[in-house]
Amino acid sequence: MNVQAVAAEAISWADFEKVLIVAGTITRVEAFPEARKPAWKVWADFGPYGERKTSAQIAALYTPETLVGRQIVGVINFPEKQIGPFRSQFLLTGFPTEQGVVITSIERAIPNGTRLA
């Protein structure tokens, strides 16, 4: 994969504050055989924001056993998105690589629902 620097439009602090980026802990992972690209169905506990689910194309690098219990970073205020027969309720953040998507993880345990600052 060729990653190129792209000039991004500047946003205001108020724009950034609109994006709800929070810590969560993965509670459950299931196969998603209907997905066009290899993916898992992932549920995460976001503390005061509740449990939410998503479809994540992270199957190349992660098994369910390596995901459950892991703290992740999610965007939880996008509208729900229909992905085949599944409704995604948050965006699991990560970085694309040639080997697959590397999920954004948290270096030290923090309370679920803690907002990125």
Would Tyr62 and Val102 satisfy side-chain contact (heavy atoms from CB on, under 4.5 Å), going step by step from the backbone distance to the final call?
CA-CA 9 Å; Tyr62 302 96; Val102 175; 3.8 Å; yes
Practice item. Show the numbers, then the answer: is there a side-chain contact (heavy atoms from CB on, under 4.5 Å) between Leu61 and Val101? Key: CA-CA 7 Å; Leu61 296 179; Val101 174; 5.9 Å; no
Handout entry: Evaluation steps, side chain to side chain donor-acceptor pair (under 3.5 Å), between Thr27 and Glu51
Key = CA-CA 9 Å; Thr27 58; Glu51 185 175 69; 2.7 Å; yes
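Side chain of Asp45 to main chain of Asn112: no donor-acceptor pair is present (N/O by atom type, distance under 3.5 Å, no hydrogens or angles). Looking at Gln82, its side chain does come within 3.5 Å of a backbone N or O of Gly84 through a donor-acceptor pair. Checked by atom type and distance alone, the side chain of Arg28 never pairs as donor or acceptor with a backbone atom of Val42 at under 3.5 Å. Under the 3.5 Å distance criterion, the side-chain polar atoms of Thr54 are left unmatched by any main-chain donor or acceptor of Ala56. A donor-acceptor pair is defined here as one N or O able to donate and one able to accept, closer than 3.5 Å; such a pair exists between the side chain of Arg70 and the backbone of Thr66.
The distance from atom CH2 of Trp13 to atom NZ of Lys18, rounded to the nearest 0.5 Å, is 14.0 Å. Leu67 contributes atom CG, which lies 12.0 Å from atom OG1 of Thr25 (distance to the nearest 0.5 angstrom). Atom CZ of residue Arg115 and atom CZ of residue Phe46 lie 13.5 Å apart, to the nearest 0.5 angstrom. With rounding to the nearest 0.5 angstrom, the CD atom of Glu30 is 12.0 Å from the OG atom of Ser55.
Cluster membership for Val29 and Phe32, using ILVMFWY side-chain heavy atoms within less than 4.5 angstrom, is not shared. Transitive grouping of hydrophobic side chains (ILVMFWY, heavy atoms separated by less than 4.5 Å) keeps Trp43 and Ile72 in distinct clusters. The hydrophobic clustering, which links ILVMFWY residues whose side-chain heavy atoms are closer than 4.5 Å, places Phe78 and Phe16 together. Taken together through direct or relayed side-chain contacts under 4.5 Å among Ile, Leu, Val, Met, Phe, Trp and Tyr, Ile11 and Ile21 form part of one hydrophobic cluster.
Between Gly113 and Pro48, the shortest heavy-atom distance links the atoms CA-CD, 4.1 Å. When all heavy atoms of Ala23 and Pro111 are compared, the pair lying nearest together is CB-O, 4.1 Å.
Judged by the 6.0 Å and 45° rule, Lys53 forms a cation-pi pair with Phe86.
Considering only heavy atoms from C-beta on, Val75 comes within 4.5 Å of Val19 through its side chain. Counting heavy atoms from C-beta on, the side chains of Tyr49 and Arg52 come closer than 4.5 Å.
The closest side-chain donor-acceptor pair between Gln71 and Ser105, if any, does not fall under 3.5 angstrom.
Here the rule is side chain to side chain contact (heavy atoms under 4.5 Å, CB included) with Val73, and of Ile103, Leu116, Leu92, Thr104 only Thr104 fits it.
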